[in-house]
*Asks:* 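Please read through the structure below; I'll follow up with questions.
Residue indices begin at 1 and follow the sequence shown.
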Amino acid sequence: MSTGPAGLVGRVRAMVPEAAGFALAGLAAYAADLGLFLWLRGPAGLGPLTAKALSFAAGCTVAYLGNAFGTYRRRAAAAAAAAAGGRARRVRRFAVFCAVNVAGALVQLLCLAFSHYGLGLTSAHADAVSGAGIGMALATCLRFWGTRTLVFREERPERPERAERAGMAPERKAGTAPAREMGQAPAGE
């Protein structure tokens, strides 16, 4: 892995399409959440908490589908092909995705609570900045990190030295035993 400024710039550039897809899925989820919330509060006549809980669940589902079939479709397909128990794995992935989104919602609420009750900034403008501005930015970073590392993590092939330590050494061709097994010290020791 390359380090330094050039390596970092390369990794950030490689992440741009992923971040754009994540943002697009998030935008669709936000539209579904807001639209459903307004309909449930208005014509459907539900209370605010019930309406928000249902619209939040719908938004999470839209975001999950957008990420699973859009942004992370290759990772999801590779993981499904590599593992048995596809349905159980998808349910687990969706549950982790929802947990990451709940954690993001808590970040927004904590930002709002800290600003409103801790700092005493009680105007509607201050609440909007702390909850929908700063809180949303921090929650989005958490959701992006959680979605890419916990939900749709890249399946990397296990390195041979890890497999050997775990007692699952790959099979070798006859006559190709490592130097240590043959009573010799490996080069460089």
Side-chain angles (χ1 to χ4, degrees), residues 11-80 86-155:
R11 289 195 337 234
V12 169
R13 276 192 185 139
M15 202 181 293
V16 168
E18 178 183 354
F22 180 83
L24 191 59
L27 191 60
Y30 178 74
D33 184 340
L34 181 62
L36 185 59
F37 176 74
L38 293 174
W39 182 79
L40 291 172
R41 279 294 290 144
L46 294 180
L49 297 180
T50 303
K52 187 58 191 169
L54 292 172
S55 70
F56 179 78
C60 281
T61 303
V62 168
Y64 177 80
L65 293 173
N67 283 304
F69 295 110
T71 310
Y72 298 104
R73 67 187 171 280
R74 288 180 185 86
R75 289 185 188 182
R87 179 174 164 77
R89 187 176 180 97
R90 283 189 305 269
V91 168
R92 179 203 157 280
R93 186 179 289 143
F94 182 67
V96 172
F97 185 83
C98 288
V100 166
N101 277 279
V102 167
L106 290 175
V107 165
Q108 286 181 264
L109 288 173
L110 287 172
C111 285
L112 177 59
F114 177 72
S115 170
H116 193 91
Y117 299 108
L119 299 177
L121 303 172
T122 58
S123 71
H125 179 71
D127 287 348
V129 168
S130 63
I134 296 167
M136 177 67 86
L138 293 174
T140 299
C141 291
L142 174 69
R143 287 178 176 125
F144 181 68
W145 172 84
T147 298
R148 77 185 312 259
T149 58
L150 302 175
V151 181
F152 297 107
R153 68 177 152 234
E154 222 167 351
E155 299 293 330

*Asks:* State, to 0.1 Å, how close Gln108 and Ala139 come at their nearest heavy-atom pair, and which atoms those are.
*Replies:*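 Scanning both residues, the minimum pair turns out to be CG-CB, 3.7 Å.
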*Asks:* Mark yes or no for whether Arg41, through its side chain, and Leu46, through its backbone, hold a donor-acceptor pair below 3.5 Å.
*Replies:*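 Present.
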*Asks:* Roughly how far, to the nearest 0.5 Å, is the CZ atom of Phe22 from the OG1 atom of Thr147?
*Replies:*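 Result: 4.5 Å between the selected atoms.
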*Asks:* Are Arg143 and Val107 side-chain neighbours, meaning at least one heavy-atom pair lies under 4.5 Å?
*Replies:*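 A side-chain contact is absent here, since even the closest heavy-atom pair is not under 4.5 Å.
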*Asks:* Using side-chain heavy atoms (C-beta onward) and a distance below 4.5 Å, is Thr122 in contact with Asp127?
*Replies:*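 When only atoms from C-beta onward are counted, Asp127 and Thr122 do not touch, as no gap falls below 4.5 Å.
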*Asks:* Any idea which heavy atoms bring Gly59 and Ala29 closest together, and the distance?
*Replies:*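 Shortest heavy-atom contact: O-CB, 3.2 Å.
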*Asks:* Would you compute the distance between atom CG of Leu110 and atom CG of Leu138 and round it to the nearest 0.5 angstrom?
*Replies:*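 Leu110 CG to Leu138 CG: 10.5 Å, rounded to 0.5 Å.
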*Asks:* If you measure from CG on Leu34 to OG on Ser55, what distance do you get to the nearest 0.5 Å?
*Replies:*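 Spacing of CG (Leu34) from OG (Ser55) equals 8.0 Å.
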*Asks:* Write down the atom of Val100, the atom of Leu142, and the distance for their closest heavy-atom approach.
*Replies:*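 Closest approach of Val100 to Leu142, heavy atoms only: CG1-O, 4.2 Å.
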*Asks:* Picking from Thr61, Leu36, Val102, what satisfies side chain to side chain contact (heavy atoms under 4.5 Å, CB included) with Phe56?
*Replies:*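 In the set Thr61, Leu36, Val102, the residue that makes a side chain to side chain contact (heavy atoms under 4.5 Å, CB included) with Phe56 is Val102.
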*Asks:* Drop me the distance from Glu18's CD to Arg75's CZ, to the nearest 0.5 angstrom.
*Replies:*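 So the CD of Glu18 and the CZ of Arg75 are separated by 5.0 Å.
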*Asks:* Would you say that more than 12 heavy atoms from the other residues, nucleotides or ligands in this model lie under 6.0 Å from the CG of Leu49, or not?
*Replies:*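 Check fails, neighbour count at 12 or below.
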*Asks:* I need the Leu150 CG to Phe97 CZ distance, nearest 0.5 Å.
*Replies:*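 CZ of Phe97 is found 11.5 Å from CG of Leu150.
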*Asks:* What's the spacing between Ile134 CD1 and Cys111 SG if we round to 0.5 Å?
*Replies:*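 Separation between the atoms: 7.0 Å.
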*Asks:* Measuring only between side-chain heavy atoms, which start at C-beta, is Ser130 closer than 4.5 Å to His116?
*Replies:*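 Side chain of Ser130 against side chain of His116, heavy atoms only: no contact under 4.5 Å found.
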*Asks:* Any idea how Phe152 and Tyr72 line up, ring-wise: parallel (<30°), tilted (30 to 60°), or perpendicular (>60°)?
*Replies:*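 Judged by the thresholds at 30° and 60°, the geometry between Phe152 and Tyr72 is parallel.
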